[in-house]
J.: 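Input: one structure, supplied below.
Residue numbers start at 1 and run along the sequence shown. No experiment lies behind these values; they were computed from the predicted model shown.
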Amino acid sequence: MRDTSEQGWRDAAERALYGPEGFYRRPEGPAGHFRTSVHASPLFAAAVARLLCRVDGALGRPEVLDFVDLGAGRGELVQGVLAALPDGVAARTRAYAVEIADRPEGLDGRIEWRAEVPEAVTGLLFANEWLDNVPVDVAEADRAGVPRLVLVAPDGTERLGEPVTGAEAEWLARWWPLAAEEGLRAEIGLPRDRAWAGAVGRVERGLAVAVDYAHTLGSRPPYGTLTGFRAGRETAPVPDGSCDITAHVALDACAAAGSAHGTPRLLTQREALRALDVTGARPPLTLATTDPAAYVRALAGAGAAAELTAPGGLGDFGWLLQPAGLPEPPL
């Protein structure tokens, strides 16, 4: 008998990640299962702090400057940004952590913990590895080349359902057209487009940034990217709450969805961090003679910067910069 609890991947992942016993409500948080740029080095938070300062300058240094950490995990990034800000900017910064999990103990008292983006943001909204965890449905071409919805049981077993229709079919045709070849797959990114447009719409003046593993039209992976992570290792995606379920982001589609608010810009993380003075350059050898301790610290910083900007690794992340009320991103 067929499992009657089969669902499309979007509904199954929504329950598995964000339901009452979902993965993202577990006490260890995301850092217990995978490592992001935030966890790799404090240089990342310092770079975001520099970006916030540039947004502050572009806005004319408003009386209150907002920083919104969307998909905040356990607040690691927002705490790091506050710690890296100059005193004069920090004193004017109103910091928000947006996350469905409960507020962690010991979080900086200046941070407001909430489940939704504030209604009106003046400053910087930063979504690091948030969009990849907005659940999406998966389509797969059948023997006739027709894209069908992939249904999944709680144990991860899949089968093909009905043909993809409506707005989802229109999205596929525009952003991820599948050739008529059995087994080709695509992740239907429409929920992410809508989520990003909604977040950007809350930024009255400033900049919204999404950072994620990404691909663009013309370089979509033929079999999709849906996968799982558990305890630091990639694993099969099983929608039972035991693992993270993620897929790379069609970031160009998200950019188009938010473009009504300003002209978006797409960069790699390597390009973005270099523009924010994270270069990975080794310190001069002369420093080892004049100040050995400083040389060791600088060398460690260069290694961390190199990891954040490495080709084939974190440096290949996509950055989507969406200005609102500004002529261009201050980067």
Side-chain angles (χ1 to χ4, degrees), residues 5-41 44 69-78 97-104 113 115 126-138 150-158 185-193 195-196 199 210-215 221 223-251 254 269 307-308 312-314 316-320:
S5 63
E6 289 173 328
Q7 297 175 290
W9 267 107
R10 181 185 178 189
D11 291 337
E14 183 75 32
R15 182 194 66 242
L17 295 178
Y18 305 116
E21 305 297 324
F23 176 84
Y24 275 97
R25 297 187 186 276
R26 294 168 62 150
E28 71 271 19
H33 296 271
F34 53 87
R35 189 165 180 258
T36 72
S37 297
V38 178
H39 308 122
S41 170
F44 188 80
D69 182 5
L70 178 53
R74 295 302 178 264
E76 299 95 337
L77 177 61
V78 63
V98 180
E99 182 57 70
I100 64 160
D102 293 336
R103 181 188 183 99
W113 192 269
F126 201 88
N128 185 61
E129 295 196 51
W130 172 65
L131 283 171
D132 70 314
N133 284 124
V134 174
V136 293
D137 277 318
V138 177
V150 176
L151 303 180
V152 62
D155 65 0
T157 304
E158 294 182 337
R185 289 168 67 115
E187 289 112 24
I188 306 173
L190 186 60
R192 293 169 173 177
D193 296 357
W196 180 244
V211 180
D212 246 307
Y213 280 117
H215 45 65
Y223 300 103
T225 62
L226 187 72
T227 191
F229 284 92
R230 182 189 297 114
R233 295 181 179 273
E234 190 169 8
T235 185
V238 178
D240 61 0
S242 68
C243 66
D244 185 28
I245 298 171
T246 182
H248 295 191
V249 181
L251 211 52
C254 294
Q269 176 154 297
E307 180 183 3
L308 290 171
L314 295 175
D316 289 345
F317 267 64
W319 279 48
L320 167 56

J.: Roughly how far, to the nearest 0.5 Å, is CD of Gln7 from CD of Glu14?
T.: 10.5 Å
J.: Exactly one of Glu307, Glu76, Gln269 should register a side chain to side chain contact (heavy atoms under 4.5 Å, CB included) with Phe44. Which one does?
T.: Gln269
J.: Taking all atoms of both residues into account, what is the closest heavy-atom pair of Gly73 and Glu99, and its distance?
T.: N-OE1, 2.8 Å
J.: What is the distance from atom CG of Leu251 to atom CH2 of Trp196, rounded to the nearest 0.5 Å?
T.: 8.5 Å
J.: Between Tyr24 and Asn133, is any side-chain donor less than 3.5 angstrom from a side-chain acceptor?
T.: yes
J.: Who are the salt bridge (charged side-chain N to carboxylate O under 4.0 Å, His left out) partners of Arg185, not counting sequence neighbours?
T.: Glu140, Glu158
J.: What is the minimum heavy-atom distance between Phe126 and Leu77, and which atoms define it?
T.: CD2-CD2, 3.7 Å
J.: Other residues, nucleotides and ligands only: do more than 12 of their heavy atoms fall within 6.0 Å of CZ on Arg10?
T.: no
J.: Could you report the tightest heavy-atom contact between Pro239 and Pro154, atom names first, then the distance?
T.: CD-O, 3.8 Å
J.: Quick check for you: to the nearest 0.5 Å, what is the distance between Arg15 atom CZ and Glu21 atom CD?
T.: 12.5 Å
J.: CH2 of Trp9 to CG of Asp137: how many Å apart, nearest 0.5 Å?
T.: 11.0 Å
J.: For a side chain to side chain contact (heavy atoms under 4.5 Å, CB included) with Pro237, tell me which candidate from Val152, Leu226, Val138 qualifies.
T.: Leu226
J.: Is any side-chain heavy atom of Arg192 less than 4.5 Å from a side-chain heavy atom of Val136?
T.: yes
J.: So, do Pro221 and His248 sit near enough that their side-chain heavy atoms are less than 4.5 Å apart?
T.: no
J.: List the steps, then state whether side chain to side chain contact (heavy atoms under 4.5 Å, CB included) holds for Arg25 with Ile100.
T.: CA-CA 7 Å; Arg25 297 187 186 276; Ile100 64 160; 4.0 Å; yes
J.: Rounded to the nearest 0.5 Å, what separates atom CG in Leu320 from atom CG in Leu131?
T.: 8.0 Å
J.: Among Asp132, Thr225, Asp212, Val134, find the one that has a side chain to side chain contact (heavy atoms under 4.5 Å, CB included) with Thr246.
T.: Asp132
J.: Distance only, no hydrogens: is a donor on one side chain within 3.5 Å (strictly under) of an acceptor on the other, for Asp316 and Tyr213?
T.: no
J.: Work out which heavy atom in Gly156 is nearest to a heavy atom in Val238; give both atom names and the distance.
T.: N-CG1, 4.0 Å
J.: With rounding to the nearest 0.5 Å, note down the distance linking CZ in Arg233 to SG in Cys243.
T.: 15.0 Å
